[in-house]
Structures are given as C-alpha cells and as structure tokens.
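Small disclaimer: the values here were computed from a predicted structure and weren't measured. These numbers come from the heavy atoms of this one structure, side chains and all, not from hydrogens, waters or symmetry mates. Note that ligands are numbered from 1 as they come in the structure, with each ligand's atoms numbered from 1 the same way.
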Amino acid sequence: MANASTKRIALLGFELESNRFAPVVGKTEFTGKLVLKGADMMADLATENPRSPGTLVGFTRTMDKTGSWTPVPIMVAGAGAAGAVEHAYYLEIKDEMLRRLEAEMPVDGVYFCEHGAAVTTEISDPDGDLFASVRALVGPDVPLVSTLDLHANISDKMVGSTDLLVAYRTNPHVDHFERGAEAARAMVELMAGLNTESAFIRLPLQAPQVTQLTAAGPYGEIIDIGQDRLDETILNVSICSGFTYGDTPENGMAFIVTTRGDKGRARCLCRELAEHAWAERHRFVPRLTSLDDCICRAVEVGDDVALSPILIADVADNPGGGGRGNTTWLLRGLHEAGAKDAVLGIFFDAALAAEAHALGVGETFGARFNRDEASTYSEPFEAEATVRTLSSGDLVGRPGGSVAGRTVALGPTAVLELGGVIVVVVSKRVQCFDSGFFETFGVDVKAARTVVVKSRGHFRAGFAHLFQPDQIIEADAPGLTSPNLANFTFAGYQRPIFPLDPETTWQPPGW
Ligand SMILES: [Zn+2]
C-alpha cells in the first residue's frame with residue numbers, strides 16, 4: 001500500500017497522427033491497435049515487450065527508479081498513423097479519460113504519452129483540447145507533462161495547458177524511452193515545487209517529411225544547437241517539424257523552450273533557434289528520384305553485381321504517415337522491367353495473404369493485389385506468383401531500429417515470388433521498420449540487389465547495418481504521403497507557408 005507521502009501520478013495518452021487525406025478512423029481502428037485502461041495498462045507495462053508506447057514505458061520505469069510513487073493508470077488510446085478520428089469517438093475517449101481521472105482525484109501529477117498530430121473530423125487540435133480539459137479538471141497547480149512525437153503540430157493551447165512538453169529529438173524516432181525518462185525526471189522536479197516558464201514560436205515552414213531527418217541536414221543541426229544550450233536554467237528544448245499531411249492551422253515547425261523559471265532566457269533562445277531555421281529554410285526542400293529513374297537503377301544493379309545494392313524508399317506510401325502500404329507503382333515497374341533480385345515490403349493486402357495461406361507453400365497462382373481496396377492510389381495489379389513462405393506474422397523489432405524490442409503483429413503473412421521480385425504481403429497496415437520485416441519470413445536482404453521499403457524514414461535506423469545513406473533513393477511515386485507537396489490540395493494550413501508558397505516571409509516576435 002502506498003503511504004501518505006507517495007505521489008500519485010495519472011497516466012494518460014492519446015496517440016494518433018492524422019493524415020487528412022487518409023480514411024477516417026474510429027473505434028474499430030483504436031481497439032484494433034491500442035486501448036489500455038486501468039489495471040490492464042499496468043499489466044502490459046510489466047511485460048518484457050510491452051504494447052504501450054515507448055515513452056510511457058520510459059516514464060514509468062524511470063519513476064520506479066526514483067523511489068516511491070503510485071501510478072494511477074487512466075487510459076491510453078492509440079491508432080498509430082491514420083486519418084482523422086471521428087469526432088464523436090474522440091469525445092467518447094475524452095469523456096472516459098476525464099471520468100476516470102475525476103474518480104481518481106486528487107492526483108499529484110499528470111503524465112501524457114501523446115503523439116500531438118491528431119485531428120478529428122471537426123477540430124484540428126484535439127491534443128490541445130484534451131490537455132486543456134485535463135488542466136481544467138486538475139487545476140493550475142498539478143504538474144502536467146506530456147511527451148510528443150517530433151511530428152506533432154503544436155498549438156498555443158498545448159503549450160499553455162502544460163508545464164512541460166518533451167518531444168523526440170530523433171527521426172527516425174529511437175528516443176521514445178529516453179524522452180519518457182526525461183519527462184519523469186522533470187515530473188519529480190515539478191512535484192517538488194519547480195515552476196517552469198516556456199516560450200513558443202511556430203514558423204510558417206512546413207517541410208515535407210523526407211527533409212525532417214535528424215542524423216544529418218538542417219533539422220538535425222538545429223536540434224543539436226538547441227541541445228547544446230541545455231543548462232541549469234534551460235530545462236528542455238523541443239523542436240517539432242509538424243506533420244505535413246495533417247493540413248491544420250497549427251502546422252509549421254515549432255520551437256518550444258522550457259526553462260526553470262526564466263521567461264527571458266526562454267524567449268531569447270526560442271527566437272534564436274527559430275531565426276536560424278528560417279535562414280536555412282531552402283535546405284528543407286526535398287530532392288526525390290523519379291519513378292522511371294528508380295526502376296532503371298534497380299535494373300542496373302540487378303544486372304551488374306559490381307555496383308552497390310540500393311534501397312528504394314517508397315516514401316509516398318508510408319503506413320507510418322497514414323499511407324495504405326499497398327500502392328503498386330514500384331512493384332509493377334520492377335516486375336515489368338524484369339528487375340533481378342529485388343525484394344519489396346511490406347505490402348498490406350489481407351485478402352492476398354489469406355489466399356496464399358489457403359493455397360500453401362510452393363503453389364503458383366494469379367496474385368491479384370488490391371482486389372478489395374478502394375482508396376485513391378491503391379491500384380489493382382495482377383501477376384503470376386509463387387508462394388515461398390507463410391507465417392502468422394509476429395516479430396520483435398531488431399536492435400537499433402525504431403521498434404527495437406517491441407512486439408509487432410503483421411497478421412497472416414505470405415512471401416510471394418513474382419519473377420525477380422520477392423514481395424512480403426501482410427495483413428496489418430504497418431510500415432517496414434527494419435530488415436527483420438523481411439528476414440523473419442526467410443527473405444535474404446543481404447543478398448538482394450534492390451530493397452524496396454514502404455516507409456518514409458524510420459527504416460533508416462533499421463537498415464543502417466546494411467545500407468549507407470548514399471545507397472538510399474527516395475522515390476517520387478504517387479501516394480498519400482508523397483513529399484511532393486504539389487500533389488495535394490492543402491485547405492487547412494495558414495497561408496502563406498514555405499515551401500508550398502516560395503515567397504513566404506516571417507518576422508520574429510517583438511518580445
Ligand atoms: Zn513521427
């Protein structure tokens with residue numbers, strides 16, 4: 001039993017990255033992905049490979065190390081990257097969270113593992129709405145801390161309703177646990193009486209996702225500058241790129257500097273970082289490779305083993321950004337061009353996987369891709385294929401990747417051979433995070449001449465042991481997550497915004 005001095009911290013989270021151009025989601029998608037309440041949340045967190053977000057794992061395990069605390073598990077609901085959530089279902093989640101939290105009051109702190117780029121069918125900032133509602137319930141004096149995805153769209157409401165926002169610093173995201181741990185350490189300080197002061201600037205700069213990588217390039221540089229400035233006063237610097245396909249008024253690269261009580265320093269550093277990024281804005285414009293050139297390169301490396309193998313990222317069909325994971329332009333192109341020793345995955349098509357399972361290993365059949373799919377870009381494609389392997393589709397993320405140590409369920413999975421192209425077909429819509437998404441099913445990635453992944457950037461962590469950055473090509477194919485912003489009609493952004501509007505200007509705030 002907790003003693004009287006034990007701090008009670010409520011645990012909540014709403015994790016959705018909404019692509020406005022992707023199908024709307026609701027209860028089915030959330031319950032199919034992640035809804036954990038009360039004791040079920042604690043039971044999951046106690047397992048070796050939890051389903052809970054890595055930030056929540058990092059937070060709770062770090063709090064355990066600080067000594068005496070009482071977790072008050074309220075509710076975590078997540079649907080990954082998808083479309084907007086039905087507003088009525090969002091309200092249902094919010095009401096349940098508030099009801100459960102109220103029943104547990106009083107609490108000494110509230111921790112959110114939030115994504116930060118959700119939209120509902122009616123509002124563009126449910127994350128801010130949720131924070132503000134919880135703040136209204138617990139009052140102004142209870143510390144409220146949230147971790148955020150680096151792709152969060154930051155609103156004044158989100159900053160104003162919380163004591164601290166802690167965003168990932170890595171893209172590919174590999175610091176979920178560390179940011180959760182950081183939030184825990186800050187929570188301890190806040191509960192001991194720390195008052196934070198923050199500054200927030202959002203630039204009219206919405207970079208396409210492919211130029212938001214952090215290992216190299218302008219985004220990583222600006223994050224590093226911010227981290228170099230942490231000291232006894234600067235508690236946290238979070239720089240969120242915004243989720244391009246959210247298409248909200250809150251889109252734009254956001255700078256949040258949180259200090260231990262020094263508003264002036266928060267503002268100075270925030271402005272300095274924003275000015276730096278704005279001066280570098282032209283470096284955020286992507287360079288993609290045309291579909292035809294991608295196919296040519298694949299044919300070349302297939303024919304000439306003296307050349308280095310290549311990895312083609314189908315960045316426009318990234319399930320991690322709301323893509324369906326089933327566009328066929330690269331598959332069709334490679335197949336028709338007779339590319340050799342190519343592997344492609346993971347392709348989301350439950351009906352095709354089921355058919356392959358019914359047929360069995362070694363069977364050859366006319367594989368009909370996207371027979372049931374009606375989404376834009378998910379075009380049908382048919383080719384003769386042989387079933388190579390079958391699996392129930394469970395794997396654990398390989399070390400170094402974005403889902404390292406976490407259990408991933410892909411549902412019934414089939415490896416199909418279409419001439420020189422091997423395709424991993426899965427039944428759940430997930431991006432290809434690491435080479436294990438092939439190797440687990442017997443596909444030899446090391447021997448492949450061309451590897452095609454349906455992922456925008458997270459694959460880089462999970463394939464770094466096999467591919468150097470100069471072997472990676474980003475394809476300009478059609479899709480729901482195309483970095484070619486001219487392919488979309490954005491209606492929600494505040495305009496002008498760079499690079500969509502090349503002549504956009506910006507003036508720093510006159511604080
Ligand atoms: Zn993200």
Side-chain angles (χ1 to χ4, degrees), residues 13-22 25 33-34 52-56 58 78-85 112-119 126-127 146-155 158 165-180 183 205-215 217 219-220 222-223 238-248 250-256 284 286 313 315-323 325 397 401-404 406 408 429-434 453-462 474 480-483:
F14 180 62
E15 288 222 325
L16 174 66
E17 183 179 74
S18 294
N19 182 326
R20 276 259 213 214
F21 307 97
V25 293
K33 182 89 175 180
L34 181 75
S52 293
T55 44
L56 179 60
V85 57
F112 274 96
C113 57
E114 199 85 353
H115 181 286
V119 306
D127 299 293
S146 182
T147 44
L148 293 173
D149 192 275
L150 168 144
H151 294 108
N153 298 317
I154 308 296
S155 67
M158 288 165 75
L165 296 173
V166 179
Y168 302 158
R169 296 175 201 154
T170 57
N171 184 17
H173 310 325
V174 290
D175 60 339
H176 314 74
F177 188 95
E178 287 78 4
R179 298 289 74 74
L205 165 61
Q206 184 55 67
Q209 311 302 113
V210 292
T211 62
Q212 299 170 349
L213 298 170
T214 54
Y219 193 29
I222 192 71
I223 287 176
S238 287
I239 304 177
C240 295
S241 57
F243 183 60
T244 316
Y245 314 102
D247 190 23
T248 71
E250 292 80 22
N251 267 92
M253 185 173 282
F255 302 76
I256 313 154
F284 288 96
V315 293
D317 187 31
N318 169 30
S402 280
V403 289
R406 284 172 57 199
V408 182
R429 195 178 57 84
V430 177
Q431 73 176 298
C432 184
F433 280 105
D434 63 53
V453 298
K454 289 192 177 285
S455 172
R456 183 268 314 149
H458 292 314
F459 71 88
R460 286 174 186 267
E474 293 171 335
L480 285 170
T481 61
S482 169

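The minimum heavy-atom distance between Phe14 and Glu114, with the atom names listed, is N-OE1, 3.1 Å.
Angle ND1(His151) to the Zn ion (ligand 1) to OD1(Asp149): 100° [nearest 10 degrees].
With respect to the salt-bridge test (charged N to carboxylate O, under 4.0 angstrom), the residues Glu474 and Arg460 qualify.
A donor atom on one side chain and an acceptor atom on the other are found under 3.5 Å apart for Asn251 and Gln206.
Checking His173 against the Zn ion (ligand 1), an N/O/S atom falls under the 2.8 Å cut-off. Taking backbone and side-chain atoms together, Glu17 has no N/O/S atom less than 2.8 Å away from the Zn ion (ligand 1).
Taking the six-membered ring where tryptophan is involved, the planes of His151 and His458 are perpendicular, since the angle between them exceeds 60° and thus also 30°.
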